[in-house]
Amino acid sequence: MLAAPSMKGLRTIIWSGLVFLSLGLVSLAKTEILGDYVSYNACMECHPQVVDRWQATPHARAFETLKTQGDEKQKNPGCLKCHVVGFDKDGGFIDLDLTPELKGVQCESCHGPGRRHVETQDPVHIIGKPEEKSCRICHTEGQDKNFNFPKKSRLVHGNK
């Protein structure tokens with residue numbers, strides 16, 4: 001008996017079928033409709049100054065830092081969970097071919113999936129002020145011994 005595909009596997013199958021059927025005419029941005037993650041591009045519409053400042057931060061380049069540690073790091077699930085948006089979650093990062101718009105540590109990494117917020121424009125549908133525990137998912141004692149939430153959280157949006 002065959003096992004049912006996981007949600008991630010099912011999403012990959014569906015996406016592959018869409019790409020095949022459309023003969024490559026489907027925009028990669030269409031991946032957004034398959035889940036709750038919309039990428040920083042959606043945030044740019046209402047928060048352009050915050051996104052502009054964020055783009056100059058190390059978080060925006062988090063995926064690229066994996067290249068400096070070897071090509072295998074960009075495929076390592078243990079690394080990807082902290083260097084992309086929504087890895088291993090419905091609608092999250094799959095790989096650079098299917099979801100390049102979700103690479104890096106973006107708005108949704110801290111503020112949660114943005115689809116509902118974008119649709120309603122209601123602040124109740126987004127985490128307005130993430131707490132330290134959301135940062136500690138990636139900034140663990142082992143990964144970032146000197147992490148200082150009060151100091152570092154002010155820098156996330158490129159603020160000084």
Side-chain angles (χ1 to χ4, degrees), residues 6-8 11-12 15 27-160:
S6 68
M7 285 303 293
K8 185 175 176 183
R11 179 172 179 221
T12 302
W15 176 249
S27 164
L28 286 176
K30 295 291 186 200
T31 60
E32 296 172 11
I33 65 167
L34 297 176
D36 291 331
Y37 293 93
V38 294
S39 92
Y40 74 91
N41 292 311
C43 304
M44 179 73 94
E45 291 182 34
C46 297
H47 310 284
Q49 293 170 334
V50 174
V51 172
D52 283 345
R53 289 191 315 260
W54 161 81
Q55 287 179 320
T57 71
H59 276 148
R61 296 179 305 281
F63 186 81
E64 283 73 25
T65 65
L66 294 177
K67 284 183 186 177
T68 65
Q69 300 172 24
D71 289 340
E72 70 282 350
K73 295 281 188 176
Q74 289 186 331
K75 294 181 181 167
N76 182 324
C79 298
L80 288 174
K81 70 178 185 148
C82 290
H83 289 259
V84 300
V85 176
F87 179 71
D88 212 23
K89 295 180 180 159
D90 185 33
F93 182 87
I94 296 173
D95 61 33
L96 278 180
D97 292 329
L98 295 174
T99 54
E101 71 279 3
L102 296 177
K103 71 179 183 173
V105 178
Q106 301 182 22
C107 314
E108 294 170 296
S109 298
C110 305
H111 294 279
R115 182 183 183 128
R116 185 103 163 103
H117 174 66
V118 168
E119 291 172 347
T120 66
Q121 303 294 303
D122 190 334
V124 76
H125 294 124
I126 201 80
I127 300 168
K129 292 192 184 273
E131 297 178 6
E132 182 173 355
K133 67 182 179 182
S134 69
C135 298
R136 287 290 183 187
I137 293 169
C138 295
H139 292 274
T140 63
E141 261 315 295
Q143 291 289 354
D144 194 348
K145 185 180 283 194
N146 298 316
F147 180 72
N148 180 321
F149 177 74
K151 180 179 178 183
K152 295 287 187 169
S153 63
R154 291 192 309 264
L155 304 175
V156 171
H157 294 137
N159 301 335
K160 299 199 182 218

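Phe149 and Cys135 get closest at one heavy-atom pair: CE1-SG, 3.6 Å. Nearest heavy atoms, Gly104 versus Phe63: N-CB, 3.7 Å. In plain terms, the two heavy atoms of Pro130 and Cys110 that are nearest each other are CG-O, 3.5 Å. Pairing each heavy atom of Met44 with each of Asp52, the nearest pair is CE-OD1, 3.7 Å. Nearest heavy atom pair, residue Gln121 against residue Val118, reads NE2-O, 2.6 Å. A pairwise comparison of heavy atoms in Glu108 and Val38 identifies OE2-N, 2.9 Å as the closest pair.
Residues Glu64 and Lys103 meet the side-chain proximity criterion, which asks for heavy atoms closer than 4.5 Å. Between Tyr37 and Lys89, some side-chain heavy-atom pair lies under the 4.5 Å cut-off. Looking only at side-chain heavy atoms (C-beta outward), Tyr40 and Gln55 come within less than 4.5 Å of each other.
Within a 6.0 Å radius of CD in Gln49, no more than 12 heavy atoms belonging to other residues, nucleotides or ligands are found. No more than 12 heavy-atom neighbours from other residues, nucleotides or ligands sit within 6.0 angstrom of CD on Glu131. No more than 12 heavy atoms of other residues, nucleotides or ligands shown are found within 6.0 angstrom of CD on Gln143.
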side-chain contact (heavy atoms from CB on, under 4.5 Å) evaluation trace for Ile94 with Thr99: CA-CA 6 Å; Ile94 296 173; Thr99 54; 4.0 Å; yes
Check against side-chain contact (heavy atoms from CB on, under 4.5 Å), His59 and Val156: CA-CA 7 Å; His59 276 148; Val156 171; 4.0 Å; yes
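Counting only distance, with no hydrogens or angles, the side chain of Asp122 and the backbone of His125 share no donor-acceptor pair below 3.5 Å. No side-chain donor-acceptor contact under 3.5 Å links His157 to the backbone of Val50.
Between His117 and His47, the ring planes lie parallel to each other; the angle is under 30°, not in the 30° to 60° tilted range. Ring geometry for Phe147 against His139 counts as parallel: the plane angle stays under 30°, on a 0 to 90° scale with 60° as the upper cut.
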